[in-house]
Amino acid sequence: MSALLTALAAAGPLAAGWSVHTVWLRRSLRTARRDPLTGLRTRDGFTRRATALLKDPRAVVVLADVDHFKDINDTHGHAAGDALLKATADRLAHYVGRDGVAGRLGGDEFAAVVIDTHGTIGDLLAVLHGVLARPADGLDPTVRTTVSLGWVRSSDHPAEDLSGLLRRADEAMYTAKQARAGVRRAGLGRLLATWSGRRAGRRGTALAGPGDAA
């Protein structure tokens, strides 16, 4: 009996140490999946949650890109650009809520997956476009820009995974940006010509993995 008690006493600190280590690992993993500037999920964290949400046929994939962001950095400095990105991320996360997911794919590009419960996603995204165009709190009102949005219903392309849907949303977003339309829904036709899953002149929207996270 004394040997058993001795063994249990020795194992106690080891078990406690392992418990602390496990908690630390979980916290580290959560931190690694969060963008340090915006607090949104990075590419890896976004992919995991978005893929689960796409099991719902009401899921909608949204791609958002800040217009003329380089001009903001060049004219007002990187601190102003960072504040603008943070404001964009906060507003997007508020729109998405707990039932969806928003992530920063890199630079000034954001993505989201939301569940269109009431079939009003078009109207809601039009409102979001206006909200994203408001000046960021605490910044000079002249430091402002718009955000182009492209979106696609997962049910319109049931055979495609998240990467394919993001490419369609990307093309819709690019069309909206070129036409200064603000928001554009992806069509039902074929994707435009791409190279390795990327539209010419754009950062890749193929989800290559956590190494590509911002």
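Just so it is clear, the values below take in all heavy atoms, side chains as well, and ignore hydrogens, waters and symmetry mates. This one's a predicted model, so the numbers in the text were calculated from it and none came from an experiment.
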#### Entry: Between NE2 on residue His68 and OG on residue Ser148, distance to nearest 0.5 Å
8.0 Å
### Task
Report whether Val183 and Val62 are members of the same hydrophobic cluster (ILVMFWY, side-chain heavy atoms less than 4.5 Å apart, transitive linking).
yes
#### Entry: Least distance between heavy atoms, Ala64 atom then Val147 atom
CB-CG1, 3.8 Å
### Message
Do Leu149 and Val96 land in one hydrophobic cluster if side-chain heavy atoms of ILVMFWY residues count as linked below 4.5 Å?
### Response
yes
### Message
If we ignore hydrogens and angles and just use 3.5 Å, is the side chain of Thr146 paired with the main-chain N or O of Asp67 as donor and acceptor?
### Response
no
#### Entry: Heavy-atom neighbours of Asp71 CG exceed 12 at 6.0 Å
yes
### Message
For a salt bridge (charged side-chain N to carboxylate O under 4.0 Å, His left out) check, start with the C-alpha distance between Glu160 and Arg168, then their side-chain angles and the critical distance, and finish with the verdict.
### Response
CA-CA 10 Å; Glu160 294 197 359; Arg168 290 185 179 277; 2.9 Å; yes
### Query
Which atom names give the shortest non-hydrogen contact between Thr42 and Asp35, and what distance separates them?
CG2-N, 3.5 Å
### Message
Looking at every non-hydrogen atom in both residues, tell me the closest pair between Ser155 and Pro57 and how far apart they are.
### Response
CB-O, 3.5 Å
### Query
Could you give the distance from CG (Leu132) to CZ (Phe110), rounded to the nearest 0.5 Å?
9.0 Å
### Message
Taking salt bridge (Lys or Arg N to Asp or Glu O under 4.0 Å) as the definition, give me every residue that meets it alongside Asp156, ordered by chain and number, with sequence neighbours left out.
### Response
Arg185
### Query
Quick one: do Leu54 and Phe46 end up in the same hydrophobic cluster if we chain Ile, Leu, Val, Met, Phe, Trp and Tyr together by side-chain heavy atoms under 4.5 Å apart?
yes
### Query
Should Leu128 and Leu85 be regarded as members of a common hydrophobic cluster, given that ILVMFWY residues are connected when their side-chain heavy atoms come within less than 4.5 Å of each other, either directly or indirectly?
yes
### Message
Looking at every non-hydrogen atom in both residues, tell me the closest pair between Leu139 and Leu84 and how far apart they are.
### Response
CD1-N, 4.2 Å
### Message
Tell me which one of Leu125, Val127, Asp90 satisfies side-chain contact (heavy atoms from CB on, under 4.5 Å) with Tyr95.
### Response
Leu125
### Task
Mind checking side-chain hydrogen bond (donor to acceptor under 3.5 Å, both in side chains) for Thr88 and listing every partner two or more places apart, or none if nothing turns up?
none
#### Entry: salt bridge (charged side-chain N to carboxylate O under 4.0 Å, His left out): pairs with one or both residues in residues 114-141, sequence neighbours excluded
Asp116-Arg153
### Summary
CD (Gln178) and CE (Met173) are apart, to the nearest 0.5 Å, by 9.5 Å
### Query
What's the shortest heavy-atom distance between Lys86 and Thr38, and which atoms?
CD-CA, 3.8 Å
### Task
Tell me whether Trp151 is reachable from Leu63 by hopping between hydrophobic residues (I, L, V, M, F, W, Y) whose side-chain heavy atoms are closer than 4.5 Å.
no
### Query
Do the side chain of Arg43 and the main chain of Leu105 share a donor and acceptor less than 3.5 angstrom apart?
yes
### Query
Out of curiosity, Asp82 CG to Leu37 CG, how far, rounded to the nearest 0.5 Å?
5.0 Å
### Task
Quick one: pull up OG1 in Thr47 and CG in Leu166 and give me the separation to the nearest 0.5 Å.
8.0 Å
### Message
Could you measure the distance from the CD atom of Glu109 to the CG atom of Asp65? Nearest 0.5 Å is fine.
### Response
5.5 Å
